[in-house]
Amino acid sequence: MVKYTDLINSLSAEVPFVGPETQERSLGFEFNTRLGANESVFGPSEKAIQAMQKVAATDVWKYGDPENLELRDAIAKKMNASRHNIVIGEGIDALLGYLVRLTVESGVKVITSLGAYPTFNYHVKGFGGELIFVPYQNDREDLESLVDSATKHEAKLIYFANPDNPMGTINSSEKIEKIIKRIPGDCILCLDEAYVDFLSDQFIPKIDIENPQVLRFRTFSKAYGLAGARIGFAFGARELIKNFDKIRNHFGVNKIAQTGALVALRDEIHLMEVKERVKLAKGQIEKIAIDNDLSTIKSFTNFVAVDCGKGGQYATKILQNLIKRRVFVRMPSVEPLNRCIRVTVGEVKDLAYFADQLPVVLKETL
Ligand SMILES: Cc1ncc(COP(=O)(O)O)c(C=O)c1O
């Protein structure tokens with residue numbers, strides 16, 4: 001009989017997010033509109049698509065460059081940094097796993113917000129770490145309390161996302177820059193910036209890239225429209241980045257993704273267009289909410305948390321009824337955030353369908 005480790009035997013086989021495809025299989029129908037996974041319905045740059053098609057036709061038989069050199073150099077140039085400060089991985093999700101593997105073992109304490117992005121927690125549990133949760137304050141991650149908790153518990157990692165998922169809120173650059181100075185000596189801030197590309201510069205904190213206590217994570221899944229290609233990067237102090245080479249999946253990033261990301265990074269016009277379309281679509285979601293006497297949380301991302309106004313049980317029923325009506329949306333997992341449903345931006349036709357279904361669902365939900 002296979003003998004698993006005690007840690008593996010202690011874990012339940014959970015998935016951080018049940019995929020829409022899994023839901024479709026169990027529901028027995030396909031969603032009409034996909035507004036639940038914070039992907040970019042607007043897709044990647046046309047230039048990136050063409051470049052990826054070419055690689056698919058001629059080069060996909062080759063493994064990707066294990067050093068991801070061209071992409072690291074392009075990112076480094078854009079950030080005025082060195083390639084040695086950058087590691088590429090199979091999306092932020094994988095990179096979070098690598099950081100946890102580098103720093104967490106049985107009993108190590110890690111701080112995150114209650115209801116924050118769950119994939120991080122999944123990795124921590126998988127390496128035997130102990131999660132300590134800090135509640136949100138006014139729908140924002142509470143940075144002061146996260147750092148206080150890290151100090152109190154002698155934690156190794158603090159995780160927070162800025163802007164945040166699932167609420168779409170933000171903490172100011174000044175606040176982030178300030179709390180970084182208070183992070184205890186052997187603790188690392190894991191700063192997830194998946195949605196950073198939707199921000200204007202004033203909202204992006206200025207942090208010394210060689211600060212050994214901060215590691216920042218970015219992705220091509222959101223504004224760049226490459227979620228399915230699975231590619232993202234982390235940047236920080238050389239020493240920390242170097243350690244990723246000891247454990248990362250060196251051939252995990254494929255050639256199509258490497259090429260797509262490289263070309264997408266250079267297509268600034270497409271990025272600007274996407275940002276504009278996201279802004280318009282968020283306005284549309286806000287209008288749909290208002291038309292139905294619901295309020296929204298101000299969003300700095302590509303999704304909007306719509307407050308259904310009557311607590312978690314009610315919002316859960318709204319979500320379930322939207323799903324029955326073939327609208328794929330998600331919602332936060334804990335109180336009081338779970339009074340909201342989370343609606344990702346869509347094309348005009350997606351939001352028109354949502355606008356049609358929401359009043360019907362509100363009427364039929366008690
Ligand atoms: C806060 C946050 N981090 C990371 C991710 C996943 O990023 P990636 O696709 O690069 O793994 C998401 C996706 O929803 C997210 O919301």
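Remember, it's 1-based here, ligands and their atoms both numbered in the order they're listed. Quick note: residue numbers are just sequence positions, from 1.
The closest approach between any non-hydrogen atom of Y195 and ligand 1 is below 4.0 Å. For G232, the closest heavy-atom approach to ligand 1 does not fall below 4.0 Å. Residue contacts with ligand 1 include R230, since one or more of its heavy atoms lies under 4.0 Å from the ligand.
By the 6.0 Å and 45° rule, R326 does not stack over the aromatic ring of F31.
Residue-level proximity to ligand 1 for D192 is carried by the side chain, the only part with a heavy atom below 4.0 angstrom. Contact annotation: for I92 versus ligand 1, heavy atoms closer than 4.0 Å belong to both the backbone and the side chain.
Applying the 4.0 Å criterion to heavy atoms of T219 picks out, from ligand 1, the atoms 8 (P), 9 (O), 10 (O). Each of the atoms 8 (P), 10 (O), 11 (O) of ligand 1 lies under 4.0 Å from some heavy atom of G91. Close contacts between ligand 1 and N165 involve ligand atoms 1 (C), 14 (O), 15 (C), 16 (O) [criterion: under 4.0 Å to a heavy atom].
For atom 9 (O) of ligand 1, the nearest non-hydrogen atom of the protein is S221 OG, 2.6 Å. In this structure, atom 14 (O) of ligand 1 lies nearest to the protein heavy atom K222 NZ, 2.7 Å.
Side chains of N32 and Y353: a donor on one and an acceptor on the other come within 3.5 Å.
Taking CD1 of I241 as the reference point, atom CG of N85 lies at 7.0 Å (rounded to 0.5 Å).
With respect to R182 and D148, a salt bridge is recorded, a charged nitrogen being found less than 4.0 Å from a carboxylate O. Between E347 and R277 there is a salt bridge, since at least one side-chain N of the basic residue sits less than 4.0 Å from a carboxylate O of the acidic one. Salt-bridge formation is detected for the pair E14/K125: a Lys NZ or Arg NE/NH1/NH2 atom is positioned less than 4.0 Å from an Asp or Glu carboxylate oxygen.
The option from F233, Y117, F120, F217 that lies nearest to atom 5 (C) of ligand 1, judged by heavy atoms, is Y117.
When all heavy atoms of K255 and G64 are compared, the closest pair comes out as CG-CA, 3.9 Å.
Checking I180, I183, I158 one by one against Q213, the side chain to side chain contact (heavy atoms under 4.5 Å, CB included) holds for a single residue, I183.
Annotation: N38 places no N or O atom under 3.5 Å from an N or O atom of ligand 1; distance criterion only.
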